[in-house]
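All chains are named by letter (A, B, ...) in the order of the sequence lines, taking the proteins before the strands, and each is independently numbered beginning at 1.
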Amino acid sequence: MTENQGRHKPVTLEDIAKLAGVHSRTVADAIKGTGRVAAATREKVLQIAKELNYVPNAAARALATGRTNTVAVLSGPLNEYYFANTINLLETHLTAHSYDMMLLHTRREARDLLSATKVSMADGVIIIGINLLTEAFLQAKSPSQPCVLIDTTDDFKVDHIVLDFGPAIEEALDLMLHAGKKRLAYVANNVNDSARDEVR
DNA sequence: GATTGTCACTATACTAAGTG
DNA sequence: CACTTAGTATAGTGACAATC
């Protein structure tokens with residue numbers, strides 16, 4: 001039983017360095033695999049790290065590099081297919097590029113993110129759709145924070161991907177009209193002017 | 001040239017000392 | 001006593017220097 005034996009100080013590069021007889025800087029390079037460490041030294045360091053169950057301290061790494069490899073995502077309600085599907089795709093792509101995804105969907109989380117990104121808790125922010133939550137975030141956001149908005153509008157002064165639902169709506173209308181339907185209703189949240197114009 | 005070491009730096013929390 | 005300020009520690013890394 002090695003667990004629950006009390007709260008131990010985490011194993012650090014310094015601990016490994018002492019056992020390996022090298023500098024902590026060398027241990028960092030060996031573990032990271034930068035290639036500037038001799039093969040024998042690297043093998044020795046990795047062996048000791050494995051024996052000590054060394055786990056890199058992500059907070060310290062973020063502090064030193066200014067990067068967390070984490071992308072914060074603000075979206076609309078996850079019980080809506082569009083948001084759930086988009087988040088699923090985002091996660092797939094972020095994971096493929098060795099990024100973690102921090103999913104936020106409450107005002108409190110968005111507020112925390114505003115302060116958190118100031119200390120590099122997230123490398124950037126992706127916002128899916130404009131709603132009360134994301135709009136408040138965009139208006140309060142510091143200009144230094146990397147941010148991409150995915151929506152049907154580009155009203156906000158951030159990098160953005162504009163979605164054009166026009167062709168899809170037209171295709172849906174054609175299908176309805178060809179089916180002989182005469183009275184059509186359009187049900188949506190936050191219908192903006194551009195989207196409304198598409199429904200003719 | 002390859003390998004390793006040194007220094008400075010990061011944001012935050014904590015402690016000690018100084019001041020009113 | 002309450003508050004402010006300064007110093008220190010933390011874990012890891014970038015840039016550069018030193019050694020063989």
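Interatomic distance, CG of A:L173 versus CE of A:M176, reported as 8.0 Å (0.5 Å rounding). One finds the CG atom of A:L90 at 6.5 Å from the CE atom of A:M101 (value rounded to the nearest 0.5 Å).
Rounded to an integer number of Å, the gap from CZ of A:R42 to P of B:dA2 is 17 Å. The separation between A:K18 atom NZ and B:dT4 atom C1' is 19 Å, rounded to whole Å. Taking atom CZ of residue A:R25 and atom P of nucleotide B:dT3, one finds them 15 Å apart after rounding to whole Å. The nearest whole Å value for the distance from the CG atom in A:D15 to the C1' atom in C:dA11 is 11 Å. For A:H23 and B:dT6, the NE2 to P distance is 5 Å, given to the nearest whole Å. Atom P of nucleotide C:dT10 and atom CD of A:E14 are separated by 10 Å, given to the nearest angstrom. Rounded to whole Å, atom P of C:dA11 lies 12 Å from atom CD1 of A:I16.
Among B:dT4, B:dT6, C:dA11, the nucleotide with an atom closest to any side-chain atom of A:V37 is B:dT4.
At the heavy-atom level, A:S24 lies nowhere under 4.0 Å from the strands shown.
In this structure, the helix from B:dG1-C:dC20 to B:dG20-C:dC1 shows an angle of 50° between the axis at its start and the axis at its end, each fitted on 5 base pairs and rounded to 10°.
Between A:V73 and A:V125, every side-chain heavy-atom pair lies at or beyond the 4.5 Å cut-off. Two residues are said to be in side-chain contact when any heavy atoms from C-beta on lie closer than 4.5 Å; A:I16 and A:V45 meet this criterion. Considering only heavy atoms from C-beta on, A:I128 stays 4.5 Å or farther from A:L149 through its side chain.
Not a single donor-acceptor pair under 3.5 Å links the side chain of A:T41 to the backbone N or O of A:V37. Of the possible polar contacts, one joining the A:R42 side chain to the A:A30 backbone as a donor-acceptor pair under 3.5 Å is found.
Taking 4.0 angstrom as the limit, A:T12 places none of its side-chain polar atoms (N or O) nearer than this to OP1 or OP2 of C:dT10. Phosphate contact (OP1/OP2 of C:dA11, side-chain N/O of A:Y54, threshold under 4.0 Å): absent.
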Would you tabulate the pairs of protein nitrogen or oxygen atoms and nucleotide nitrogen or oxygen atoms of nucleotides 16-20 of chain C closer than 3.5 angstrom?
from   : atom 1 : to    : atom 2 : distance (Å)
C:dC16 : N4     : A:R36 : NH1    : 3.4

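Around atom CD of A:E51, more than 12 heavy atoms belonging to other residues, nucleotides or ligands sit under 6.0 Å away.
Partners of A:Y54 under the side chain to side chain donor-acceptor pair (under 3.5 Å) rule, at least two apart in sequence or in another chain, do not exist in this structure.
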